[in-house]
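Following: one structure in structure tokens, then a few remarks.
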Amino acid sequence: MAKQMWKPGNMIYPVPAVMVTVADKEKRPNIITVAWTGTACTNPPMAYISVRKERYSHGILMETGEFVINLTTEDLVFATDYCGVRSGRDVDKFKEMKLTPIPAHTVSAPMIAESPVNIECKVKQVLELGSHDMFLAEVTAVHAEERHMDERGRFDLRKANPIVYSHGEYFGMGKSIGTFGYSVRKKAKKKPVKGK
């Protein structure tokens, strides 16, 4: 198989497209769309977001050290894109996108009511990496919409139709093609049929 060699770059795709909410010291909220985000640690639960210094929300993050990661869905894709290309310096994104801010429990930043999952975070460390600063944060609370629970009481994200981002495009997630550990799981032995 032939492969092309490219200059170094970020080719870890697809990535989540999330809406991150913040609020300044005067409680004015803002939404920023972030694709550089993910899990950093299980215990304690930690997540991160990476934000360019020139972004309006960067200053708020530095000032407050708090944010909420709001997962996005196919129904929220237009708002997700809008909140990534318009600045909170110029517009009220909650108002423009008809999104509902609701109070979080452990941080001053609001949550987005229309999001199926809201993850409250408190910054523990800021890493200056170059084009982006990484905000490494402890997860202090998680909220999940009850209508997306399955019959076993587990959150079924597929019911929410989540989206991902890859090279300038948004995609739906599609169908499940396996579960964790299925490649090594023992197959049940077939019982012999009587009379054979």
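Any value given below was found using the heavy atoms of this structure, including those in side chains, with hydrogens, waters and symmetry copies removed.
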Is the side chain of [X] donor-acceptor paired with the backbone N or O of [Y] at a distance under 3.5 Å, no angle test?
| X | Y | value |
| --- | --- | --- |
| S166 | Y13 | no |
| T72 | A17 | yes |
| R86 | E96 | no |
| E114 | T100 | yes |
| D156 | M149 | no |
| T33 | G84 | yes |
| T39 | C41 | no |
| D133 | S50 | no |

So which heavy atom on [X] is nearest to which on [Y], and how close?
| X | Y | answer |
| --- | --- | --- |
| V142 | V117 | CG1-CG1, 4.1 Å |
| K159 | D150 | NZ-CA, 3.8 Å |
| I69 | C121 | CD1-SG, 4.2 Å |
| A104 | V68 | CB-CG2, 4.4 Å |
| M97 | C83 | CG-SG, 4.4 Å |
| F155 | E145 | CE1-O, 3.8 Å |

Side-chain touch [X]/[Y], heavy atoms, less than 4.5 angstrom:
| X | Y | value |
| --- | --- | --- |
| R55 | L61 | no |
| I163 | M173 | no |
| E74 | Y170 | no |

Between [X] and [Y], is there a shared hydrophobic cluster once you connect ILVMFWY residues whose side-chain heavy atoms come closer than 4.5 Å?
| X | Y | value |
| --- | --- | --- |
| L76 | V91 | yes |
| V22 | L136 | no |
| V139 | M46 | no |
| V15 | F171 | no |
| I60 | V126 | yes |

About how many Å separate [atom2] of [Y] and [atom1] of [X], when rounded to the nearest 0.5 Å?
| X | Y | atom1 | atom2 | answer |
| --- | --- | --- | --- | --- |
| S57 | M62 | OG | CE | 13.5 Å |
| D90 | K93 | CG | NZ | 9.0 Å |
| E128 | M134 | CD | CE | 13.0 Å |
| S87 | E54 | OG | CD | 10.5 Å |
| I31 | S115 | CD1 | OG | 10.5 Å |
| T80 | N70 | OG1 | CG | 9.5 Å |

CD/Q4: more than 12 non-hydrogen atoms of other groups inside 6.0 Å: no

Might you confirm whether atom CD1 of I12 has over 12 heavy atoms from other residues, nucleotides or ligands at distances under 6.0 Å? no

Does T21 form a side chain to side chain contact (heavy atoms under 4.5 Å, CB included) with N30? I'd like the steps, not just the answer. CA-CA 6 Å; T21 44; N30 189 46; over 6 Å; no

Does the side chain to side chain contact (heavy atoms under 4.5 Å, CB included) test come out yes or no for V107 and T140, once each step is laid out? CA-CA 8 Å; V107 299; T140 54; 4.2 Å; yes

Name of the residue among E138, E120, K122, E66 meeting side-chain hydrogen bond (donor to acceptor under 3.5 Å, both in side chains) with T106: E120

Only counting residues at least two apart or in another chain, list the ones meeting salt bridge (Lys or Arg N to Asp or Glu O under 4.0 Å) with E146. none

Any donor-acceptor N or O pair under 3.5 Å, side chains T73, N161: no

Here the ring-ring contact (aromatic ring centres under 6.0 Å, His included) pairs for residues 48-96, sequence neighbours left out, are H58-F135

Determine, step by step, whether I32 and V34 satisfy the side chain to side chain contact (heavy atoms under 4.5 Å, CB included) criterion, reporting the C-alpha distance in whole Å, the side-chain angles of both residues, the deciding distance to 0.1 Å, and the verdict. CA-CA 6 Å; I32 179 175; V34 171; 4.2 Å; yes

Could you please spell out the steps behind the side chain to side chain contact (heavy atoms under 4.5 Å, CB included) verdict for W36 and V51? CA-CA 8 Å; W36 304 152; V51 180; over 6 Å; no

